[in-house]
Amino acid sequence: MAVAIGAHVDQTDPVAEAAARGAGLVQFFLGDPQSYKGPVVTYADGAAALKARAVEAGIDLYVHAPYIINVATTNNRIRIPSRKLLQQHMDTAAEVGAKGLIVHGGHVNKDDDPAKGFDNWRKAIEATDIKVPLLIENTAGGDNAMARYLDRIAGVWEAISTAEGAENVGFCLDTCHAHAGGNPLETVVEDVRKITGRIDLVHCNDSRDEFDSGADRHANFGAGRIDPDLLAGVVRDAGAPVICETPGGAEEHTSDFAWLRDRL
């Protein structure tokens, strides 16, 4: 089975990182994933040059938005800067020619009605000029998360389906997050597709922790708690490009690619 497999890499030279892994796609951050300061292109020749070099090399680029973005929250001091930061990363992702911008689903506060978070997602989609596909990623922990449990993902999708620009919103399925979040990998692809109608990208990661632990700790393939056949099954069933966010550098990632391809 021919599946495009790549990895999350250092942002300094993503094309060189792809070449070091023999990969046709890579994912990276634009600056500090824990900062509100805005995106930074660390590629020496700038965004346009990175885009041109990636096209020349036949490498697909994906950008992961900062972890701190939470457009669902009812806290204005977080939600408003999050929307601004999301737009800034969207703009820069478009400048580097990214195939998608991945963002976590976020969460609401303990005493909030989840419906408020769903509607805040709708408002965020309408407020964002979506220039490359915006891929919402399922998350591993938190009882108030917008994208841990399937019913919450359904709530987000129902809300954003009425938003202008909804056709440009897709889904990124993370295997570690699904496992740790309590979603059986045997059925998660079918379950997510029933809700979203699509899976645009797979983050394929093993998990250091048990099923439904709520812990987001990635492991290299075969070194974690996920059944190898289930990991391969998700990739096979999803039929989408794969990014490995597993520990290590080019050598470890290349080993992970081979491990996965052997099972597809």
Side-chain angles (χ1 to χ4, degrees), residues 1-9 18 21-27 60 62 64 99-100 102-105 133 135-142 145-154 156-157 169-248 252-264:
M1 181 180 180
V3 176
I5 302 174
H8 184 92
V9 301
R21 292 160 175 79
L25 70 161
V26 287
Q27 173 187 282
D60 288 344
Y62 287 83
H64 199 304
K99 302 298 182 183
I102 298 95
V103 63
H104 287 179
L135 309 182
I136 299 175
E137 179 182 352
N138 61 307
T139 51
M146 293 286 98
R148 173 178 179 175
Y149 299 112
L150 293 167
D151 62 330
R152 295 288 178 87
I153 296 171
V156 170
W157 236 258
V169 180
F171 195 81
C172 173
L173 175 62
D174 187 301
T175 57
C176 171
H177 297 176
H179 165 87
N183 299 294
L185 295 189
E186 291 89 341
T187 61
V188 72
V189 171
E190 181 183 359
D191 293 340
V192 167
R193 276 225 184 92
K194 282 181 181 176
I195 295 167
T196 67
R198 57 197 288 178
I199 294 174
D200 300 81
L201 186 69
V202 173
H203 281 173
C204 192
N205 305 299
D206 208 332
S207 171
R208 289 168 58 184
D209 300 281
E210 298 293 348
F211 181 79
D212 205 17
S213 64
D216 181 7
R217 300 196 304 168
H218 299 186
N220 296 98
F221 301 147
R225 302 298 181 91
I226 300 178
D227 182 294
D229 291 337
L230 289 182
L231 270 180
V234 168
V235 170
R236 201 179 301 117
D237 294 346
V242 173
I243 292 289
C244 301
E245 299 174 316
T246 49
E252 290 82 3
H253 290 156
T254 303
S255 295
D256 279 337
F257 298 170
W259 184 99
L260 185 56
R261 288 197 190 283
D262 284 347
R263 287 161 177 80
L264 293 179

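Since the model is a prediction, treat every value here as computed from it, not as a measurement.
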Interatomic spacing from [atom1] in [X] to [atom2] in [Y] - rounded to 0.5 Å:
X	Y	atom1	atom2	answer
L230	R236	CG	CZ	10.0 Å
H179	L185	NE2	CG	7.5 Å
I243	H64	CD1	NE2	10.5 Å

Holding to side-chain hydrogen bond (donor to acceptor under 3.5 Å, both in side chains), I want the full list of residues that pass it with [X], two or more places apart in sequence or in another chain.
X	value
E252	none
D256	N220, T246
H253	R21

Name all residues meeting the salt bridge (Lys or Arg N to Asp or Glu O under 4.0 Å) criterion together with [X]; count only those two or more places apart in sequence or in a different chain, and write none if there are none.
X	result
R217	D209
R152	none
D229	none
D200	R198

F171: ring-ring contact (aromatic ring centres under 6.0 Å, His included) partners, not counting sequence neighbours: W157
Holding to ring-ring contact (aromatic ring centres under 6.0 Å, His included), I want the full list of residues that pass it with H218, two or more places apart in sequence or in another chain. H177
Treating N205 as the side-chain partner and E245 as the backbone partner, does any N or O pair qualify as donor plus acceptor under 3.5 Å? yes
Report yes or no: does D206 contribute a side-chain atom to a donor-acceptor pair with the main-chain N or O of I226 at less than 3.5 Å? yes
Partners passing side chain to side chain contact (heavy atoms under 4.5 Å, CB included) against T187 (at least two apart in sequence or in another chain): P184, D191
Quick one: list whatever passes side chain to side chain contact (heavy atoms under 4.5 Å, CB included) with P228, sequence neighbours left out. W259, R263
